[in-house]
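Chain naming here is simple, since letters A, B, ... match the order of the sequence lines and numbering starts at 1 in each. Just the heavy atoms: all of them, side chains too, but no hydrogens, waters or symmetry mates, feed the values below.
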Protein chains: 2
Amino acid sequence: MEDIFQETDLFEGLSTDQRDKIIKKGFHQVLKPKSILFQQGDPAERFYMVNTGRLKLTKLNEQGKEVIMRYIGAGELTAAITSLKDWEYPLTAESVEDTEVTGWDKAGVLNMIETYPKIAINLLNIVLTRIDDIQHRYLELSTERVEQRVARTLLRLMRSAGLKKTEGILIDLPLSRQNIADFSGTTLFTVSRTLSAWEKKGWIKSGREKITITAPHSLVLFSENA
Amino acid sequence: MEDIFQETDLFEGLSTDQRDKIIKKGFHQVLKPKSILFQQGDPAERFYMVNTGRLKLTKLNEQGKEVIMRYIGAGELTAAITSLKDWEYPLTAESVEDTEVTGWDKAGVLNMIETYPKIAINLLNIVLTRIDDIQHRYLELSTERVEQRVARTLLRLMRSAGLKKTEGILIDLPLSRQNIADFSGTTLFTVSRTLSAWEKKGWIKSGREKITITAPHSLVLFSENA
DNA sequence: ATCTTTGTTTGCGATAGCGCAAAGACAGCC
DNA sequence: GGCTGTCTTTGCGCTATCGCAAACAAAGAT
């Protein structure tokens with residue numbers, strides 16, 4: 001087994017051996033791009049960790065409007081809520097590229113916590129960090145204007161999926177205008193207009209489902225002061 | 001010690017004795033109305049549980065715009081994030097009425113988790129439930145219109161601070177139009193207009209910093225279908 | 001009882017952002 | 001190498017919501 005788990009938080013403080021033992025007990029799954037791992041509303045069986053690839057986590061409201069909660073990559077968790085209670089999945093997880101995940105059901109989680117209490121602490125840490133993050137996003141959504149939020153969205157994606165190229169930093173994901181809108185809390189049209197403007201300013205270069213940030217610093221400034 | 005802790009989740013599975021022992025180790029504090037318990041940005045020392053009374057949890061952005069994240073009452077926790085890592089308080093906690101809280105610092109938390117591992121599980125449960133809640137709120141903020149969000153805000157407050165009266169259910173909190181706006185992600189003016197309209201329809205009765213919901217069912221319908 | 005402060009209402013104009021429509025661009029496919 | 005389907009762009013009108021101003025109302029202070 002390779003060392004992609006090294007950097008994760010869940011197994012912090014555990015030996016490589018212990019980690020591997022836990023992973024071996026997990027339920028492994030390989031996903032082609034655009035596969036649904038689980039669907040919002042289904043009875044939640046497992047919580048998952050991404051090994052390689054990337055998942056898009058979306059949430060629908062009753063009227064069918066969609067919001068992207070986040071994109072997660074190697075080492076990140078989702079549906080942690082199912083680790084303890086009998087819930088329905090609160091959102092839908094879909095792969096955006098070839099992706100491998102490991103999942104554990106409730107019994108598995110309780111078992112690993114009993115065997116390695118440190119896991120509970122690690123989980124707590126991860127989950128508390130998520131709260132902080134989403135509260136911050138809530139504040140942004142509530143107080144900032146659309147353009148500012150779009151800027152923040154691009155920067156977030158850049159940090160989590162950025163790939164250095166000669167022209168700038170490529171967001172290494174198939175990313176449509178609609179995706180950006182769903183992530184920023186706005187519409188396809190407004191995103192398109194905004195990106196056009198930034199392209200004219202030379203801050204980004206964009207193609208079909210593809211964005212390269214050429215002037216990250218300008219975007220950062222804009223996202224903080226606009 | 002009275003039995004206000006009976007219904008809390010943090011001590012679930014523990015005996016009354018064990019619970020009291022933990023509480024005795026905590027740092028007790030009594031707050032007059034409108035006192036600051038802790039301020040966003042300050043180094044986080046303790047996490048708190050409300051014994052009696054109520055706290056308003058607010059978050060400011062860089063431009064000084066304020067959002068109310070939630071109101072919490074007996075048995076509920078805040079600043080749980082400080083229980084494990086060295087952070088700054090991510091928000092400000094202010095009492096809205098006479099309030100008593102108990103706090104524990106990092107060492108205290110680690111100690112109680114080691115002594116009673118069940119506490120870690122309980123904490124995890126609480127925190128996971130919070131994530132679910134705030135993700136849902138994020139979805140609402142992102143997809144719903146102002147009036148709908150105001151309706152949901154009133155209903156939330158009704159459920160957590162409602163007091164049955166002959167005319168309806170009184171929200172038992174000093175609650176200004178501005179507060180509702182900060183909680184719903186809108187402005188004082190829009191809230192005022194909205195409440196006026198609902199008062200004409202007979203759904204609510206309102207006074208200065210005081211709201212009674214006379215037709216909860218209409219509000220629920222409105223919040224779900226509007 | 002009067003003055004001051006703080007909260008509320010409402011009219012009115014301004015505007016950010018929405019959302020349709022129609023055209024253009026790109027990728028994949030037979 | 002043309003065809004089809006999906007994604008993107010942009011003009012344009014629309015409307016939900018904002019935010020000022022000014023008047024009003026209630027509570028607290030002297």
Subject >> Test: E140(B) and R152(B) ion pair at under 4.0 Å >> reply: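 So E140(B) pairs with R152(B) through a salt bridge.
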**OP:** For the residue pair T129(A) and D132(A), confirm or rule out a side-chain donor-acceptor distance under 3.5 Å.
**Re:**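 No donor-acceptor contact under 3.5 Å links the two side chains.
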Original post:
Any luck finding a side-chain donor-acceptor pair between S206(B) and E199(B) under 3.5 Å?
Top reply: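 The criterion, which ignores hydrogens and geometry beyond distance, is satisfied for E199(B) and S206(B).
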Within the pair [X] and [N], is there a side-chain N or O less than 4.0 Å away from OP1 or OP2?
| X | N | value |
| --- | --- | --- |
| T190(B) | dT17(D) | no |
| T187(B) | dC18(D) | yes |
| T186(B) | dC18(D) | yes |
| S196(B) | dT10(C) | yes |
| R177(B) | dT8(C) | yes |

Original post:
When you match R149(A) and R208(A) each to their closest nucleotide on DNA chain C, which lands nearer the 5' end?
Top reply: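 Its nearest nucleotide being more 5', the pick is R149(A).
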Given atom [atom1] of [X] and atom [atom2] of [N], what is their separation to the nearest angstrom?
| X | N | atom1 | atom2 | value |
| --- | --- | --- | --- | --- |
| I180(A) | dG17(C) | CD1 | P | 16 Å |
| I211(A) | dC26(C) | CD1 | P | 15 Å |
| I204(A) | dT9(D) | CD1 | C1' | 13 Å |
| D182(A) | dC18(C) | CG | P | 12 Å |
| Q178(A) | dG19(C) | CD | P | 11 Å |
| F189(A) | dC14(D) | CZ | C1' | 14 Å |
| L175(A) | dT6(D) | CG | C1' | 15 Å |
| E147(B) | dA16(D) | CD | P | 10 Å |

**OP:** Have a look at L188(A) and say if it touches a base, only the backbone sugar-phosphate, or nothing, with a 4.0 Å heavy-atom cut-off.
**Re:**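 Base: the residue L188(A), judged by heavy atoms under 4.0 Å, touches a nucleobase.
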Original post:
What is the nucleic acid contact for R193(B), judged by heavy atoms within less than 4.0 Å: base, sugar-phosphate only, or nothing?
Top reply: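 Contact class for R193(B): base.
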**OP:** Evaluate the side-chain contact (heavy atoms from CB on, under 4.5 Å) criterion for residues I131(A) and I134(B): first the C-alpha distance (whole Å), next the side-chain angles of each, then the deciding distance (0.1 Å), finally the verdict.
**Re:** CA-CA 8 Å; I131(A) 289 189; I134(B) 193 177; 5.7 Å; no
Original post:
Would you call the rings of F38(A) and Y48(A) parallel, tilted or perpendicular if under 30° counts as parallel and over 60° as perpendicular?
Top reply: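 Rings of F38(A) and Y48(A): parallel, as their planes differ by under 30°.
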Subject >> Closest-nucleotide ordering on DNA chain D, the 5'-leading residue of E144(B) and L195(A) >> reply: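 By nearest-heavy-atom nucleotide position, the 5'-most residue is L195(A).
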